[in-house]
Number of protein chains: 2
Amino acid sequence: MTTKQNKAYENVLEKIKNYIERDHLKPGDRLPSEREMAEELQVSRSTIREGLRAIELLGMIETRRGEGTFLRPYQSYQTLSLLSTFIFQDPATKKDLAHTLSLIEQAILFEGATHYQQSITAEWSGHQVNYWKKRGYKQTFQVIIKHINNELLAKIWYLLYAFRLTLNEDNKESEVKQLFERFDQISVTVKNLSSKEDM
Amino acid sequence: MTTKQNKAYENVLEKIKNYIERDHLKPGDRLPSEREMAEELQVSRSTIREGLRAIELLGMIETRRGEGTFLRPYQSYQTLSLLSTFIFQDPATKKDLAHTLSLIEQAILFEGATHYQQSITAEWSGHQVNYWKKRGYKQTFQVIIKHINNELLAKIWYLLYAFRLTLNEDNKESEVKQLFERFDQISVTVKNLSSKEDM
DNA sequence: TATTTTTATTGGTCTGGCCACTCGTACTTT
DNA sequence: AAAGTACGAGTGGCCAGACCAATAAAAATA
């Protein structure tokens, strides 16, 4: 098949991933040399280097002349606060924050209502409405995310959510009651759609 | 003092920043050609390319053979860089990538079909299907994002998309044709729902 | 005028080279 | 024998120059 004409350096990234898995490389370990990789991948060294530069800027690797290329050790979570600084000072993203958060919450609600409606509702029903109101929107929403069981999604949501809190002038937090209503509504819609398909 | 002997490709990034400021380049504008930059910076073309690859993966630029190198419709590559490190730090998130990407794409499709169905379809119809197939899934999908006009959302999507390319073992890229079909389907569904509400 | 062909420019990739740095090893020197 | 030294192999950093493939603009043609 066709083989999609990836750019060569994208294949390099692919290959590096394979090295990491095959040799169980951990942070700090050395990757094969540029020349070795070029030989094995049958591409030129310059192509290898293009791939390396890309993920170097991403902080995945670290190169030391005379020694080699190494997987970078994990960094501390100070990243998060740095990140907030950048998003903060970027007016464009600030304006888009609410919108993006809304879309992603919508996606999460949909996913939850589609695949985990039972268990989510069950957990919610374990307490009175007042209990959730007291816990707040964040905690209540996180129930959905917990059941979806996707850490990355959870992180992204939490990031956006936290930043919106930071930036928000008017501190009106979303209402727990509304959250329940929206979830139910989506659940119904999803059911209607799927039953329609069955016919 | 100064010092720090930057790697040459980091100076390239600096220089590109200067180009952007000096010439007031906006997203979509063309950068000088690789050969021009090499000449002006007094470095080799391969060095220029290493710098370009780095910020290409970050989503800052886009290269088109025969045409040139262009600023992507969004920038602030620090944000992207930090975001990516953050995400990459945690191996656990790796397994969630495809899922998260899928959810977010779904949300984007939905948003596009709900509020920008006209203009998106219009832009797509401006060319034959083969044109979009040739441009690939990424570019075709970005049409939707462009119309939604949310830089943050665009960044997040591009990040996830790029990383999935990096990490995925099965290289099957989504099909442009399927994209069109899904978009149409969602458009229809959205229309049905809203007309129902009117009754 | 419309279409085809040519040409110049651009990114994509390769080859092969030289340099600077690191590290281990063999070789002095003490 | 121990300490220092010189050397060589390997590595990343960078370069010059080349060819290909895609694109767009200009020129030639119908």
Side-chain angles (χ1 to χ4, degrees), chain A residues 2-16 19 23 25 28-72, chain B residues 3-16 19 23 25 28-72 126-128 130-136 138-140 162 165:
Chain A
T2 84
T3 92
K4 79 164 320 283
Q5 74 240 50
N6 272 334
K7 288 189 189 172
Y9 84 90
E10 290 179 340
N11 296 335
V12 172
L13 303 188
E14 179 74 20
K15 189 64 182 178
I16 290 178
Y19 280 131
D23 302 335
L25 298 185
D29 287 350
R30 223 200 77 178
L31 286 167
S33 76
E34 297 178 351
R35 290 170 176 86
E36 280 179 59
M37 289 196 257
E39 169 69 20
E40 186 171 335
L41 260 173
Q42 289 290 294
V43 297
S44 73
R45 207 185 131 206
S46 38
T47 298
I48 297 286
R49 292 195 112 251
E50 289 189 22
L52 290 179
R53 285 300 79 70
I55 58 180
E56 175 174 311
L57 200 61
L58 287 183
M60 253 194 102
I61 60 168
E62 171 179 8
T63 54
R64 298 203 281 270
R65 179 190 295 193
E67 298 183 61
T69 304
F70 301 82
L71 275 185
R72 209 192 188 86
Chain B
T3 89
K4 172 166 193 313
Q5 63 177 7
N6 278 332
K7 290 190 187 174
Y9 84 90
E10 291 178 337
N11 296 335
V12 173
L13 304 188
E14 246 337 277
K15 189 64 182 179
I16 291 178
Y19 280 130
D23 301 335
L25 298 185
D29 286 351
R30 222 200 76 174
L31 286 167
S33 76
E34 297 178 352
R35 289 170 177 86
E36 282 178 59
M37 288 196 257
E39 170 68 22
E40 187 171 337
L41 262 172
Q42 289 290 293
V43 297
S44 74
R45 206 185 133 207
S46 36
T47 299
I48 298 286
R49 286 181 62 77
E50 289 188 23
L52 291 178
R53 285 302 77 70
I55 58 179
E56 177 175 347
L57 196 62
L58 290 182
M60 215 188 149
I61 58 167
E62 166 181 15
T63 53
R64 298 203 281 269
R65 179 189 295 192
E67 299 182 61
T69 303
F70 301 82
L71 277 184
R72 263 197 183 290
H127 296 86
Q128 301 288 336
N130 269 338
Y131 171 86
W132 295 110
K133 278 194 179 170
K134 212 166 179 179
R135 271 192 124 60
K138 189 170 74 177
Q139 313 255 354
T140 310
L165 276 191

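Just so it is clear: chains get the letters A, B, ... in the order the sequence lines come, proteins before strands, and each one is counted from 1. Only heavy atoms go into these numbers, but all of them, side chains included; no hydrogens, no water, no symmetry mates.
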For this session: Give the rounded distance in Å between these two atoms: CD of Glu56(A) and P of dG12(D).
Result: 12 Å
So which protein N/O to nucleotides 7-10 of chain D N/O distances come out below 3.5 Å?
from: dG10(D); atom 1: N2; to: Gly66(A); atom 2: O; distance (Å): 3.3

For this session: Using the test side chain to side chain donor-acceptor pair (under 3.5 Å), find all partners of Ser33(A) that sit at least two apart in sequence or belong to another chain.
Result: none
For this session: Would you mind reading off the distance between Leu31(B) atom CG and dG11(C) atom P, rounded to a whole angstrom?
Result: 9 Å
Exercise. Over how many whole Å does the gap from Arg49(B) atom CZ to dT13(C) atom P extend?
Worked result: 7 Å
For this session: Using ring pair (Phe, Tyr, Trp, His ring centres under 6.0 Å) as the criterion, list what pairs up with Tyr131(B), not counting sequence neighbours.
Result: His127(B)
Exercise. dT13(C) P sits how many Å from Gln42(A) CD, rounded?
Worked result: 15 Å
Exercise. Does OP1 or OP2 of dT10(C) have a side-chain N or O of Thr69(B) closer than 4.0 Å?
Worked result: no
For this session: State which residues pass salt bridge (Lys or Arg N to Asp or Glu O under 4.0 Å) with Arg30(B); sequence neighbours excluded, sorted by chain then number.
Result: none
For this session: Go through the N and O atoms of the side chain of Arg53(B) and the base of dG12(C), and report whether any donor-acceptor pair is under 3.5 Å.
Result: no
Problem set entry | Euclidean distance, atom CD of residue Glu34(A) to atom P of dG16(C) [Å, nearest integer] | 17 Å
For this session: Among dG11(C), dG12(D), dC15(D), find the nucleotide with the atom closest to the side chain of Thr63(B).
Result: dG11(C)
Exercise. What's the CD-C1' distance between Glu39(B) and dT10(C), to the nearest Å?
Worked result: 16 Å
Exercise. If you round to the nearest 0.5 Å, how far is CZ of Arg53(B) from OG of Ser46(A)?
Worked result: 11.5 Å
Problem set entry | Leu52(A) CG to dT11(D) P, straight-line distance once rounded to whole Å | 14 Å
For this session: Report yes if a donor N or O on one partner sits less than 3.5 Å from an acceptor N or O on the other, where the partners are the side chain of Arg64(B) and the base of dG12(C); otherwise report no.
Result: no
Exercise. Any luck finding a side-chain donor-acceptor pair between Glu36(A) and Tyr19(A) under 3.5 Å?
Worked result: no
Exercise. Listed by chain and number, what are the side chain to side chain donor-acceptor pair (under 3.5 Å) partners of Gln139(B), not counting sequence neighbours?
Worked result: Glu62(B)
For this session: Output the single nucleotide from dG12(C), dC14(D), dC15(D) whose closest atom is nearest the side chain of Arg45(B).
Result: dG12(C)
Problem set entry | Thr47(A): partners by side chain to side chain donor-acceptor pair (under 3.5 Å), with sequence neighbours left out | Ser44(A)
Exercise. Whole-Å distance between dA16(D) P and Glu50(B) CD?
Worked result: 14 Å
Exercise. Just checking Ser46(A): base, sugar-phosphate only, or nothing, at a heavy-atom cut-off of under 4.0 Å?
Worked result: base
